[in-house]
Amino acid sequence: MNPTEIYDALAEIAAAPFDPDEFPFAFAEATDAAKAAISKLRGGSTNKSDLPGGVLFNRKFHYAPAMTGLVEATLDQLRASKKTRTAKPAILITTDGETVAAEHPASGERRHFRFTEIGDNFGFLLPAAGKERYRAVEENPVDVKATGKLARLYDALIKANPDWASDEHRHEMNQLMMRLIFCMFAEDVGIFPDEQFSRLIFTHAGNRGEEAREVIIAAFRAMNLPKDRRGDLPAWTRELEYVNGGLFAGAIDAPRFDTIAFRYLRDACDLNWRQINPDIFGSMIQSVADPKQRSELGMHYTSVPNIMKVIGPLFLDDLDAEIHKAWDRPRALQQVLDRMSRIRVFDPACGSGNFLVVSYRELRARETRILQRLEELNGPGSLHMWSVIPITNFYGIEIADFAAETAKLALFIAEYQANASFAEVFGRSPAALPLKDAANIRTGNALRIDWEEVCPPPADGEEVFIAGNPPYYGAKKRESWQTEDMVQNGLGDLQLLDYVSVWFFKAARYAAGSSAFAFVATSSICQGEQVAPMWNALFETAFKIHFAYRPFIWKNSAADNAGVWVTIIGMKNVAPTVAKLFDDAAVSNVKEISPYLVPFKYIPVTAATKSIFSLPVMVMGSNPVDGKWLSVSSREREEMIETDPRAEKFILPYLGGDELIDGKERHCIWIDDEDLQDALSVRCIKERVDSCAAYRKTAGRDARKAADIPHRFCYSTYRNGPSLAIPNSQSSDREFIPAVMASSEVVISKEAFAIYYPPNHMFSIISSSLHRLWLATVGGRIGNGFRYSVRVVYNTFPVPKFTEEELAALTTSARAILKCRYSHYPKTITELYDPDGMPDDLRAVHRQNDDLLETMYIGRPFRNDTERLEKLFKLYAARVKALDKGGK
DNA sequence: AATCCGACAAAGG
DNA sequence: CCTTTGTCGGATT
């Protein structure tokens, strides 16, 4: 059962009348206990409770009924119970039918809520189902504020100096921002003496910033020179620190500051940069720069919560468990430290280094905790150790030179901050300036560089963890050099895959597959047509999925977020003992994670050119590629007919997603070849056909080929017969796929699929929950919505062999749904299938339809989606096997 | 020959 | 502004 199913089951308990004896068993069932386990529990043989009326389910929950108003006292009894200590239930729970009191014995966390709100508290109750909650780190509001201030400064500078927005100045502009940020940060954290930089700037730049440009240039040049070599510079620069480290090397220039820009500079200086999160330090610079650049070169920075979602399950969680186990044993703690000193983190698409910075910070924080504990165990003063985690253990590749430089700087600042908190705890730290060791950041194209040369393979006792958020480009979006990257990495036959997939393959090949890796990626590598080609090839290596996230929408604190749904996948070259499948706030411990991001054995569903279960042929609707010239709105149609009644013959109803789902009306120009002369004699028709021809001449390859037959759709599947139409892309919020029956004259557009002359029972099958589940699992998506398809979804959909009687029953059921819909005329599909407002009778006929069809699969309706999917995959696999044996 | 996709894109609230 | 939800053209198979 997935968390949603558990939620539903719990909500059902809350809605039913309370029965103190039955409640624990209903709760067990709702939290995914096996039928057999429940009946044993009911029989008493496995019930270990030592409380009156209590039920203790080993490792899951301990329940006792409470007298009215006494839930608190009963919960205390549950906690005090000896059996609670031995059976280690994940949840203590009691209720009097009005209030529920529950506790996690492991953490002592308690919660009280009304009985009717059990469903809403499912997150708290999930441990009873063997699932933990997983809390992501919150975003830091100071970072967001700082980004805004920098963006305003940046915009003001560009406004005052339009030429600085040009390509040749952009690098200098960004460099200026980076140097300014470093100075603002340094003077706030004590790398520079207190407020030194801003004091000098605002003393010497004039009241309105007239001299700001010259002053900033002088200051930056000074920081690149040892103090005794600043003879050519103004005397006031003498007191500035020598920073070096490459940060102030090279050309130094600055744009002119006008009053507004100067005020924003002051504004930015006033911010307390001490609280800045160095994790996103570099990304801030990128997010204030030209928004157009953001979509290029993978410049979408990953937020800290999302980075934690990657590196937590990749190696931090495991490390934490080890620390926890070693907590009372100095020797064991020392071993953990040794291990940590040999952990290297490698991000082959590092951008401004966020993953490396966060990894570094997290490791240093754990190290400090261990050192503190060692001092506690061995006595004060027993510790003379310095950090064993060198910044040189962090490796990155980045294609943009500027981002690579930023990554080094961000890591330096992270190191400084880690040292500062070390000093706070232990009272000592090394000097901060000039900058010394740097992380191993390489500038270049990660897909053309040998990774082992950048980050040497781990020797015995060493570990390399590869993590990152590489760029995504779909097959039709990427540049030819990116496609060439794929070819160079042996993916020449897999060009339909997203660009991001190459990082998975390259990581699996790195160091003979000896290291674990985890990447954020577009969710489309786990959906639709990409799944089988990508994962069949990747699973030829020994790598298995150890953890994964169900798709979630991309978000960071940048102003403009990318519109993409992503997943995170972590892999290792051994089978996992427990795989972790994350879904929102919950994590399920499962045996295996399929690339479809469901807890099943992987069964690749391969696109098929015809239904492998012998369903009738389905085609995609007709695709005009017409520059919209052959498409006609209702009003345009009326106008055209009014101008010339002969036009009516050449305008047919046109059905796409909007028309099917939302009841909109639309028409299209449809001219049979033999009617061409007649049609072209109608002026308003000829105008549109000519415009279509003009459009096609400038369009893509296939459209150009069709430029001399502009009266016809570029691709046509119209058959002038009755059809069953299914929308192409649609919301995933509806409970059923809204297929409709269309009459002969209706042209199905490519935004819908059609079965022409459909057998009536097909409507019943397409409308079923089983079919929707198949679509949701193996189909492609657009955003979070469904995307129907012929080859991946329909042609692979498993059905049993129906008898004539069964087909007749399905036909009757199909008619009942259609009749019910008709009784609500003129409601549109959107209204009829509104998730919150679906008419009860319509839901009821759909449920009957589901029960009828499902009984034909297994002799009874399925219990839940888990059971449904199991059966569908089983049928699919068996069919594929049978077809293979048949020699095809 | 025709698909299934989009670090989406436009409409709706 | 943020949320919701399915267009449209076309490089790839």
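Atom set for the values below is all heavy atoms of this structure, side chains included, hydrogens, waters and symmetry mates excluded. Please read all numbers here as calculations on a predicted model, not as lab measurements. All chains are named by letter (A, B, ...) in the order of the sequence lines, taking the proteins before the strands, and each is independently numbered beginning at 1.
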TODO: Take the protein atom CZ of R781(A) and the nucleotide atom P of dG6(C), then report the distance between them rounded to whole Å.
DONE: 13 Å
Could you list, one pair per line, each protein nitrogen or oxygen that sits under 3.5 Å from a nitrogen or oxygen of nucleotides 9-13 of chain C, together with the distance?
{"unit_1": "dG9(C)", "atom_1": "OP1", "unit_2": "G627(A)", "atom_2": "N", "d": "3.4"}
{"unit_1": "dG9(C)", "atom_1": "N7", "unit_2": "K750(A)", "atom_2": "NZ", "d": "3.2"}
{"unit_1": "dG9(C)", "atom_1": "O6", "unit_2": "K750(A)", "atom_2": "NZ", "d": "2.9"}
{"unit_1": "dG10(C)", "atom_1": "OP1", "unit_2": "G700(A)", "atom_2": "N", "d": "3.3"}
{"unit_1": "dG10(C)", "atom_1": "OP2", "unit_2": "G700(A)", "atom_2": "N", "d": "3.4"}
{"unit_1": "dG10(C)", "atom_1": "O6", "unit_2": "N623(A)", "atom_2": "ND2", "d": "3.4"}
{"unit_1": "dG10(C)", "atom_1": "N2", "unit_2": "K476(A)", "atom_2": "NZ", "d": "2.3"}
{"unit_1": "dT12(C)", "atom_1": "O4", "unit_2": "R701(A)", "atom_2": "NH2", "d": "2.7"}
{"unit_1": "dT13(C)", "atom_1": "OP1", "unit_2": "Q495(A)", "atom_2": "N", "d": "2.8"}
{"unit_1": "dT13(C)", "atom_1": "OP1", "unit_2": "L496(A)", "atom_2": "N", "d": "2.6"}

- [ ] Convert the base pairs of DNA chain C into dot-bracket notation, remembering that pairs crossing earlier ones are written with [ ] and that bases paired across to another strand are shown as |; include only Watson-Crick or G-U pairs under 3.5 Å.
- [x] ||||||.||||||
TODO: Kindly say if S729(A) contacts the phosphate of dT5(C), meaning a side-chain N or O under 4.0 Å from OP1 or OP2.
DONE: no
Open item on the list: Just the rounded figure in Å: distance from P of dT5(C) to CG of N784(A).
Closed with: 10 Å
TODO: Pick base, sugar-phosphate or nothing for G780(A), based on heavy-atom distances below 4.0 Å to the nucleic acid.
DONE: sugar-phosphate
Open item on the list: Taking the side chain as everything from C-beta on, heavy atoms only, tell me whether T522(A) gets closer than 4.5 Å to W565(A).
Closed with: no
Task: E665(A), CD atom: more than 12 neighbouring heavy atoms under 6.0 Å - done: no
- [ ] Pick base, sugar-phosphate or nothing for R734(A), based on heavy-atom distances below 4.0 Å to the nucleic acid.
- [x] sugar-phosphate
Open item on the list: For D626(A), is there any backbone N or O sitting under 3.5 Å from a side-chain donor or acceptor partner on R696(A)?
Closed with: no
Open item on the list: With rounding to the closest Å, how many angstrom separate the P atoms on dA10(B) and dG10(C)?
Closed with: 15 Å
Task: Exam field: side chain W503(A) to backbone L447(A), donor-acceptor pair closer than 3.5 Å - done: no
TODO: Verify, without hydrogens or angle tests, whether K705(A) (side chain) and G700(A) (backbone) share a donor-acceptor contact under 3.5 angstrom.
DONE: no
- [ ] Rounded to the nearest angstrom, tell me the gap between atom CZ in F786(A) and atom P in dC5(B).
- [x] 14 Å
TODO: Quick one: sort the F797(A) and H771(A) rings into parallel, tilted or perpendicular, breaks at 30° and 60°.
DONE: perpendicular
- [ ] Side-chain contact test, heavy atoms from C-beta onward, threshold under 4.5 Å: evaluate it for Y794(A) versus I766(A) and give yes or no.
- [x] yes
Task: Donor-acceptor pair under 3.5 Å, D498(A) side chain vs dA7(B) base - done: no
Task: Between P of dC8(C) and NZ of K477(A), the distance in whole Å - done: 15 Å
TODO: Write down the distance separating the C1' atoms in dC8(B) and dC4(B), rounded off to the nearest Å.
DONE: 14 Å
TODO: Could you check whether V790(A) gets within reach of a base, just the sugar-phosphate, or nothing at all, counting any heavy atom under 4.0 Å?
DONE: sugar-phosphate
- [ ] Rounded to the nearest angstrom, tell me the gap between atom CG in D662(A) and atom P in dT5(C).
- [x] 10 Å
TODO: Check the distance between dA2(B)'s P and R719(A)'s CZ and give it to me in whole angstrom.
DONE: 13 Å
Open item on the list: I'd like to check F713(A) versus C692(A) (side-chain heavy atoms, cut-off strictly below 4.5 Å). Are they in contact?
Closed with: no
Task: Atom-pair distance (CD on Q730(A); P on dG6(C)), nearest Å - done: 8 Å
- [ ] Can you tell me, in whole Å, how much space there is between the C1' of dT3(B) and that of dA7(B)?
- [x] 23 Å
Task: Residues in salt bridge (charged side-chain N to carboxylate O under 4.0 Å, His left out) contact with R821(A), at least two apart in sequence or another chain - done: none
- [ ] Quick one: label R666(A) by what it contacts on the DNA or RNA (base, sugar-phosphate, nothing), any heavy atom closer than 4.0 Å.
- [x] sugar-phosphate
Task: Within 6.0 Å of CG in N445(A), more than 12 heavy atoms from elsewhere - done: yes
Open item on the list: Does T717(A) reach a base, just sugar-phosphate, or nothing at all? Heavy atoms under 4.0 Å.
Closed with: nothing
Open item on the list: Using a 4.0 Å heavy-atom cut-off, does V566(A) contact any base of the nucleic acid, only the sugar-phosphate backbone, or nothing at all?
Closed with: nothing
- [ ] Give the rounded distance in Å between these two atoms: CD of Q530(A) and P of dC5(B).
- [x] 7 Å
